[in-house]
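Remarks on the structure that follows.
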Protein chains: 2
Amino acid sequence: MDRFVSTFTNKIDAKGRVSIPASFRAVLERDGYAGGIAGGLYCYPSLDAQALDAGGERLAKKIDGLLAGLPDYSDERDELSVALYGDVQVLSIDGDGRIVLPENLRAHANLDAAVSFVGLGEKFQMWEPKLFEARRAEARSKVQVTRKLFAAGSRPSNDGGDEGARE
Amino acid sequence: MDRFVSTFTNKIDAKGRVSIPASFRAVLERDGYAGGIAGGLYCYPSLDAQALDAGGERLAKKIDGLLAGLPDYSDERDELSVALYGDVQVLSIDGDGRIVLPENLRAHANLDAAVSFVGLGEKFQMWEPKLFEARRAEARSKVQVTRKLFAAGSRPSNDGGDEGARE
DNA sequence: CGGGCCTTTATGGGATCGCATGGGATTTGA
DNA sequence: TCAAATCCCATGCGATCCCATAAAGGCCCG
């Protein structure tokens, strides 16, 4: 497995520690996190949500790539740099697979007693469980619409064509 | 056989385990189930039914393909990512061909004592038996109508199509 | 054509392993 | 020296593996 999938909810203990889901850890290790010290978990406030984005080397490279696409010294680039790099924290993962979330990050995502880890393929997000529930419901209803568009033929793309159309 | 066909109903035991019908297992294996590391069963709540959708690598690729077409950091992509990846669970299949359904999935499909596995070609669904009975009855009556249309002369392809509901 | 054996498959239960979690010990930095 | 962060070990629960039993269906042989 080389992508973050599924969602898991873990508790924050008295010391502020949270276990990263074992399957996510596996992805991170394969991603170049090798050894632990060198790598680390890249983590920053989501740009458009009350949540945190996190990932391994691959995610870091992606951000680099994104910036590389913009002209040097452009305002756009500066803004993105600040928005992305400025708030990035490299969290270390302890021997038991746990991290400690710095105060500013916890504040941004409203994290308190527990964290929902949400796999999004190449990265994952960390949400306050109740907030995520709401977000998921919203995403679901929007996808209903998107789907109807697919079915209507605006987006052929894939083979069988049917996919969800059924039902 | 490389498509999921027919319907089978199996029990959920005290530990929450269910046997996947042998013929479905065969399809999964042929689907590259072996290749995909820690290969498993991709499973998520049906977007428009009180049931679960499931499939193998082929289904996973389809989801990826859908997302690949959207630009990074677009709202659209975020929505889909959350709705799809976030809800998707990768269930592992034990040595006896059984899976355990996580609580949230069981809740969505109202699964309790037994599960009806319904082949839909490239994927299959898991229904609460009684709910599926009702659904099937409904599908039947609709097919009656469709049939009259056929008879009227339209004559579509019928690739064994869905409706597989039959046993 | 019929009967019995043998393989496949579903299901149940016991044992084991891994993971999340909690608490103490130890080190680091001020 | 004290506080805070880090490491290490203990534990409980849930998940996973393995084996046993049973029912069903297919096959071979009479």
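Each chain gets a letter, A, B and so on, in the order the sequences are listed, and its residues count up from 1. Every value quoted in this text rests on a predicted model; they were computed, and no experiment measured them.
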**OP:** Dump the intermediate steps for ring-ring contact (aromatic ring centres under 6.0 Å, His included) on A:F117 and A:F8, then the final yes or no.
**Re:** CA-CA 5 Å; A:F117 293 81; A:F8 305 87; 8.2 Å; no

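Which of C:dA20, C:dA10, D:dT16 sits closest to the side chain of B:R25 comes down to C:dA10. Of the candidate nucleotides C:dA20, C:dG23, C:dG12, C:dA20 has the atom lying nearest to any side-chain atom of A:P21. Comparing C:dA10, C:dG23, C:dA20 against the side chain of A:N10 picks out C:dA20 as the nearest. Checking C:dG12, C:dT21, C:dT11 against the side-chain heavy atoms of A:R98 singles out C:dT21 as nearest.
Rounding to whole angstrom units, CG of residue B:D96 and P of D:dA15 are separated by 17 Å. Between the CG atom of B:D13 and the C1' atom of D:dC17 there is a distance of 14 Å, given to the nearest Å. As rounded to whole Å, 16 Å separates atom P of C:dT21 from atom CD1 of A:I93. Protein atom CG of A:L91 is 10 Å distant from nucleotide atom P of D:dT6, rounded to whole Å. Between the CZ atom of A:R17 and the P atom of D:dT6 there is a distance of 11 Å, given to the nearest Å. D:dT21 atom P lies 18 Å from atom NZ of B:K11, rounded to whole Å. Between A:I12 atom CD1 and C:dT21 atom P there is a gap of 10 Å when expressed in whole angstrom units. The separation between A:F117 atom CZ and C:dA20 atom C1' is 11 Å, rounded to whole Å.
No N or O donor and acceptor, one from the side chain of A:D94 and one from the base of D:dC8, sit under 3.5 Å apart.
The side chain of B:S92 places no N or O atom within less than 4.0 Å of a non-bridging phosphate oxygen (OP1 or OP2) of D:dA15.
Counting any heavy atom pair closer than 4.0 Å across all strands shown, A:I20 reaches sugar-phosphate atoms only and no base atom.
When all heavy atoms are compared, the tightest approach of B:L52 to B:A109 is CG-CB, 3.9 Å.
Taking 4.0 Å as the cut-off between side-chain N and carboxylate O, B:R30 and B:D2 do not count as a salt-bridged pair.
Taking CZ of A:R25 as the reference point, atom CG of A:L41 lies at 12.0 Å (rounded to 0.5 Å). Residue A:L28 holds its CG atom at 11.5 Å from OH of A:Y42, rounded to the nearest 0.5 Å.
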